[in-house]
Chemist: 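Following this message is one structure expressed as C-alpha cells.
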Amino acid sequence: MSSNAIYGSIQERYGELADRSSANSQKKTEESIAQAFGYESADLGSIPQSANMGVSCGNPLAFASLNEGETVIDLGSGGGIDVLLAAKKVGPKGRAIGVDMTKSMLELARKNAEKSGTSNTFFIEASITSIPLPDATADCIISNCVVNLVPKIDKPLVFNEIFRLLRSGGRVAISDILTRKELPLEVANSLSFYIGCIAGASQLYEYEKYFSDAGFKDVVIVDTHSDINVYKDLVQEQMDLGETSDQLKPNSCCGRKQERNTTGGELLESDFNEWAGSFQIYAVKQ
C-alpha cells in the first residue's frame, strides 16, 4: 500500500474517532486509558471530555518541562488534549500550537479550545512531515503516539521538521510506540495493526538514527513499561470494519498477503508488550 493510501486510511479512521468523540458523553474508557499512560485526573477534569480520545501512549507534558511564555508545538494534536494542557502551562504570554492533517480532528480541537476558554491555542491543518511555520518557531515540540503512524519512507521528514522548527536550545518530548523486535509478517503487513499504532512503529535503533540524521545529539529514550494491550480494542474495531484490499504490501518480494481475518483472532490473543512498548523520547537542539 502506498503512503498516500496509508494516510487516507488513517484520516478516515481518526476522522471517525473525532466524530464519535464529539457525540459521546460517556468517556470512562478514554479516561482510564489516559490515566494508565500518566495523565492526572485533575488535569483531565480541567479540559472538555471530548479532548481526550483514549489514543495516547504516554504523557509528553510530564517531561517536557514547559515554562510560562514558551511556544510549544504538538505534532498530531487530535482532539486537543495536549495542546489545551500545554496552553495552561505556558500561560497567556505563551502559545500552544496543534498540527493535524484530519479536518474533523481540527474542528473538534477548536471547539474544545473554545469550550475551555483558552486564547493562546492555535491549530494548523498540515501533515507533520511538512509544517507551514517559520524556522526556529518553538521552544518545545511534543507528540503523543503519532510518529508511529507516519509511513517509514516519510519518517525522516518528521525529525527534520522537528529540528527545523526548534530554536537553539529547544527541546523535544515525545511519547511513542517503539518495537522491541522485528514484528511477525502478519502484524507488520496489517492495516488494522498499523492504525492500532503497532505495525508502523520503529525499532529503537531506527528512532535513534532518525534523530541523529536530523542533527540531534544525546537522545534519551526510556521504556515506560506501560501495558499497551489497551490498543487491542482499536485493532479489533478496525478488523471488524474489514481489510479487503487494505492489507499493507509485504516488504519482501517473496511475501504474500494474509487472508482477511484468518490470523487476526490469534494475533489479538498475543501479548502486544512482547512486540512493542510505550517509550518516552527526549532530546535538545544544540
Chemist: May I have the step-by-step check of side-chain contact (heavy atoms from CB on, under 4.5 Å) for I221 and E208, ending in yes or no?
Modeler: CA-CA 8 Å; I221 301 179; E208 290 175 331; 3.6 Å; yes

Chemist: Restricting to non-hydrogen atoms, name the atom on I6 and the atom on P151 that form the minimum distance, rounded to 0.1 Å.
Modeler: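 The answer is CG2-CG, 4.1 Å.
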
Chemist: Evaluate side-chain contact (heavy atoms from CB on, under 4.5 Å) for L66 paired with C140, printing each intermediate quantity in order.
Modeler: CA-CA 8 Å; L66 296 181; C140 183; 3.8 Å; yes

Chemist: Return each pair, listed once, that meets salt bridge (charged side-chain N to carboxylate O under 4.0 Å, His left out) where at least one residue sits in residues 83-102; pairs must be two or more places apart or across chains.
Modeler: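 The answer is none; no pair qualifies.
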
Chemist: Give every residue pair that meets the ring-ring contact (aromatic ring centres under 6.0 Å, His included) criterion with at least one member in residues 96-118, sequence neighbours excluded.
Modeler: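 Listed once each, the pairs would be none.
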
Chemist: Apart from L106 itself, what residues make up its hydrophobic cluster, given side-chain heavy atom links below 4.5 Å?
Modeler: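 Once heavy-atom contacts under 4.5 Å are chained together, L106 belongs with V83, F123.
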
Chemist: For the residue pair P156 and D213, establish whether any side-chain heavy-atom pair is separated by less than 4.5 Å.
Modeler: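 When only atoms from C-beta onward are counted, D213 and P156 do not touch, as no gap falls below 4.5 Å.
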
Chemist: Please, which pairs that meet salt bridge (charged side-chain N to carboxylate O under 4.0 Å, His left out) have at least one residue in residues 154-172, sequence neighbours excluded?
Modeler: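 Qualifying pairs: E70-R171, D135-R164, D139-R167, E161-R164.
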
Chemist: Side-chain donor-acceptor pairs under 3.5 Å in residues 125-134, sequence neighbours left out?
Modeler:
{"residue": "E125", "atom": "OE1", "partner": "K103", "partner atom": "NZ", "Å": "3.1"}
{"residue": "E125", "atom": "OE2", "partner": "K103", "partner atom": "NZ", "Å": "3.1"}
{"residue": "S127", "atom": "OG", "partner": "T129", "partner atom": "N", "Å": "3.2"}
{"residue": "S127", "atom": "OG", "partner": "T129", "partner atom": "OG1", "Å": "2.8"}

Chemist: If every non-hydrogen atom of P48 is compared with every non-hydrogen atom of L84, which pair is closest and at what distance?
Modeler: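 That would be CD-CD1, 4.0 Å.
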
Chemist: Using a distance-only test with no angle check, is there a side-chain donor-acceptor pair under 3.5 angstrom linking S226 and T224?
Modeler: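 The criterion, which ignores hydrogens and geometry beyond distance, is satisfied for T224 and S226.
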
Chemist: I need the full list of ring-ring contact (aromatic ring centres under 6.0 Å, His included) pairs touching residues 158-184, with sequence neighbours left out, sorted by first then second residue.
Modeler: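 Listed once each, the pairs are F159-Y207, F159-Y210, F159-F211, F163-F216.
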
Chemist: Got a sec, which pairs hit ring-ring contact (aromatic ring centres under 6.0 Å, His included) with one end in residues 63-104, sequence neighbours left out?
Modeler: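 Every pair satisfying ring-ring contact (aromatic ring centres under 6.0 Å, His included) with a residue in residues 63-104: there are none.
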
Chemist: Search all heavy atoms of A87 against all heavy atoms of T121 and return the closest pair with its distance.
Modeler: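 Here A87 and T121 meet closest at CB-CG2, 3.6 Å.
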
Chemist: Which pair of heavy atoms, one from V146 and one from S143, lies closest together, and at what distance?
Modeler: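 The pair with the smallest heavy-atom distance is CB-OG, 3.7 Å.
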
Chemist: Compare every heavy atom of I142 with every heavy atom of P60, then report the nearest pair and how far apart it is.
Modeler: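 That would be CB-CB, 4.1 Å.
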
Chemist: So N148 and Y194, do their side chains get closer than 4.5 Å, heavy atoms only?
Modeler: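 They are not in side-chain contact.
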
Chemist: Under 3.5 Å, side-chain donor or acceptor atoms of residues 37-44 against the rest of the protein: list the pairs with distances, not counting sequence neighbours.
Modeler:
{"residue": "Y39", "atom": "OH", "partner": "D82", "partner atom": "OD1", "Å": "2.6"}
{"residue": "Y39", "atom": "OH", "partner": "D82", "partner atom": "OD2", "Å": "3.3"}
{"residue": "Y39", "atom": "OH", "partner": "N144", "partner atom": "ND2", "Å": "2.8"}

Chemist: What pairs of residues pass the salt bridge (charged side-chain N to carboxylate O under 4.0 Å, His left out) test when at least one of them lies in residues 107-119, not counting sequence neighbours?
Modeler: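 Pairs touching residues 107-119 that pass the test: none.
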
Chemist: For S9 versus I195, what's the shortest heavy-atom pair and its separation?
Modeler: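 Nearest heavy atoms, S9 then I195: O-CD1, 4.0 Å.
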
Chemist: A side-chain contact here means heavy atoms from C-beta on lying under 4.5 Å apart; do V150 and Y7 qualify?
Modeler: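 Result yes, sub-4.5 Å side-chain heavy-atom pair found.
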
Chemist: Does some side-chain heavy atom of V99 sit less than 4.5 Å from a side-chain heavy atom of D74?
Modeler: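 D74 vs V99: side chains apart.
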
Chemist: Within the structure provided, determine whether I281 and V220 are in side-chain contact (heavy-atom separation under 4.5 Å).
Modeler: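 They are not in contact (no side-chain heavy atoms under 4.5 Å apart), so the answer is no.
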
Chemist: Is there a side-chain contact between L85 and S46, using heavy atoms and a 4.5 Å cut-off?
Modeler: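 The answer is yes; the side chains approach within 4.5 Å.
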
Chemist: For the residue pair S175 and N59, establish whether any side-chain heavy-atom pair is separated by less than 4.5 Å.
Modeler: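 Sidechains of N59 and S175: no contact.
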
Chemist: Taking ring-ring contact (aromatic ring centres under 6.0 Å, His included) as the cut-off, I'd like each qualifying pair that reaches into residues 86-117, sequence neighbours left out, listed once.
Modeler: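 Of all non-adjacent pairs touching residues 86-117, none passes ring-ring contact (aromatic ring centres under 6.0 Å, His included).
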
Chemist: Please check: side-chain N/O of E206 versus main-chain N/O of Q203, any donor-acceptor pairing under 3.5 Å?
Modeler: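 A pair under 3.5 Å: yes.
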
Chemist: Would a single hydrophobic cluster contain both I97 and I174, if residues Ile, Leu, Val, Met, Phe, Trp and Tyr are joined by side-chain heavy-atom contacts under 4.5 Å?
Modeler: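 I174 clusters together with I97.
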
Chemist: Would you please test V172 and V284 for side-chain contact (heavy atoms from CB on, under 4.5 Å) and show each step?
Modeler: CA-CA 6 Å; V172 52; V284 176; over 6 Å; no

Chemist: Applying a strict under-4.5 Å side-chain criterion to I, L, V, M, F, W and Y, I'd like to know whether L149 and L157 cluster together.
Modeler: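 Shared cluster, no.
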
Chemist: I would like to know whether I81 and M53 meet side-chain contact (heavy atoms from CB on, under 4.5 Å); could you show each step before the answer?
Modeler: CA-CA 8 Å; I81 178 174; M53 307 184 69; over 6 Å; no

Chemist: Flag yes if M105 and F122 sit in one hydrophobic cluster, no otherwise; membership is Ile, Leu, Val, Met, Phe, Trp, Tyr, and two members link when side-chain heavy atoms are under 4.5 Å apart.
Modeler: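 Yes.
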
Chemist: Could you check whether any side-chain heavy atom of P184 comes within less than 4.5 Å of a side-chain heavy atom of W275, counting everything from C-beta outward?
Modeler: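 Yes, side chains in contact.
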
Chemist: For D223, enumerate each residue passing the salt bridge (charged side-chain N to carboxylate O under 4.0 Å, His left out) test, keeping only those at least two apart in sequence or located in another chain.
Modeler: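 With neighbours one apart ignored, the set is R180.
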
Chemist: Taking only residues two or more places apart in sequence or in another chain, which ones pass side-chain hydrogen bond (donor to acceptor under 3.5 Å, both in side chains) with S202?
Modeler: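 Not a single residue meets the side-chain hydrogen bond (donor to acceptor under 3.5 Å, both in side chains) criterion with S202.
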
